[in-house]
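Below is one structure, written out as structure tokens, with a few remarks after it.
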Amino acid sequence: MKKILVTGATGQLGREIALQLTDRVGAHRVAALVRDPAKAQDLAGRGIEVRQGDYLDPAALARAFAGVDKLMFVSTSMFSDVNTQHRNVVEAANTAGVRHVHYTAIQHPERSAFAISQVSEMDRLTESALAESGMDVTVMRNTLYMDALPFLLGADTLSRGVYAPAGHARAALAARADLAEAAAIILSGSGHEGRSYTLGGSTAVSMADVAAILSGVAGKPLPYVDQARADYIAGHVRTGLPDFVAAFMSEWFEALRAGEFAGITGDLERILGRQPLTPAQFLPTLFTVQR
Ligand SMILES: NC(=O)c1ccc[n+]([C@@H]2O[C@H](COP(=O)([O-])OP(=O)(O)OC[C@H]3O[C@@H](n4cnc5c(N)ncnc54)[C@H](OP(=O)(O)O)[C@@H]3O)[C@@H](O)[C@H]2O)c1
């Protein structure tokens, strides 16, 4: 039987997609691509076939994609040769006879000229390689994960407040688990060929709204400070992060400021068949767990 293979399956999104997909179609139909099988013992324990491969190793990708009908291609980690990796995945999938590729991109309004370093170019090149490949393609344009906020805002958020170069724009943030569930629904369904979905929350919040929500967690009023980008970067470098990482983090808030995540499409709610988790529901849990 042809398999549905999920890449990035030792990552946070890919693992959740593989598990959710297994619940829907059975482990016998699911395979997982991982760089290090030792990190995938829980997936193997669920009966998922674990295949080893690295986006930088075309021969391993060719082996891993054999007998795969649908591919869930989870985009790679930054600060590496992302374009070569993604080109390798598309070429290997096409050569192996994969019928349908599902790709996780980042939400990006069609007419926007805003670009996040590495990410926007990677998505553009990958989507055009997929379009030229002749394989069926479904693109899931994911919003900024709410789950990323504790890291992006910093460990002292609940004591100090929300400091970010995000302006006063709103973002339709979503929980990563909801995005994974939507991916599993799409992968286990039909009729998604040639479709793009912009997957985000059904409500949009500003960072001032986030500060108000987190004030309830902190038990005191927390300010939102619309920081200059340089101040945000300097603050995170002082916590020990390399400056290129802090600069990259700042770009997600610059994207938010530019309205990149402001669009509410309803795609996520329609696919889930329910309201996605809202920031008011999810952020208190998220920030309490991180404490
Ligand atoms: N929407 C958002 O807010 C947002 C935020 C951050 C990232 N992203 C993007 O969404 C993707 C999934 O998010 P996530 O939270 O699951 O990230 P994650 O936990 O960092 O997972 C990334 C996955 O990519 C795999 N990977 C990295 N380099 C690879 C390579 N050369 N070959 C094969 N696999 C490789 C990693 O494998 P290992 O386990 O072996 O490292 C891991 O499984 C990220 O990779 C990134 O492109 C989106």
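Values in this document were obtained by computation on a predicted structure and should not be read as measured data. Start at 1 and go down the list; that is how both ligands and their atoms are numbered.
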- [ ] Return the residue, atom name and 0.1 Å-rounded distance of the protein heavy atom closest to atom 16 (O) of ligand 1.
- [x] L13 N, 2.7 Å
Task: Closest protein heavy atom (residue, atom, distance) for atom 20 (O) of ligand 1 - done: S77 OG, 4.2 Å
Task: Any N or O of D36 closer than 3.5 Å to N or O of ligand 1 - done: no
- [ ] Pick, from L179, T143, L144, the option with the minimum heavy-atom distance to atom 1 (N) of ligand 1.
- [x] T143
Task: atom 39 (O) of ligand 1: the protein heavy-atom neighbour that sits closest, reported with distance to 0.1 Å - done: T10 OG1, 2.6 Å
Open item on the list: Considering Q12, R35, E16 one by one, which has a heavy atom nearer to atom 35 (C) of ligand 1 than any of the others?
Closed with: R35
Task: D123 with R141: basic N within carboxylate O range, under 4.0 Å - done: no
Task: Location of contacts on R15 toward ligand 1, heavy atoms closer than 4.0 Å - done: neither
Open item on the list: Strictly below 4.0 Å, N to O, side chains only: are D226 and R257 in salt-bridge contact?
Closed with: yes
Open item on the list: Side chains of R51 and V68, heavy atoms from C-beta outward: is any pair under 4.5 Å?
Closed with: yes
Open item on the list: Using only atom types and a distance under 3.5 Å, with no angle test, would you say the side chain of N94 pairs donor to acceptor with the backbone of S133?
Closed with: yes
TODO: Provide, to 0.1 Å, the distance between atom 32 (N) of ligand 1 and the closest protein heavy atom, together with that atom's residue and name.
DONE: Y55 N, 2.8 Å
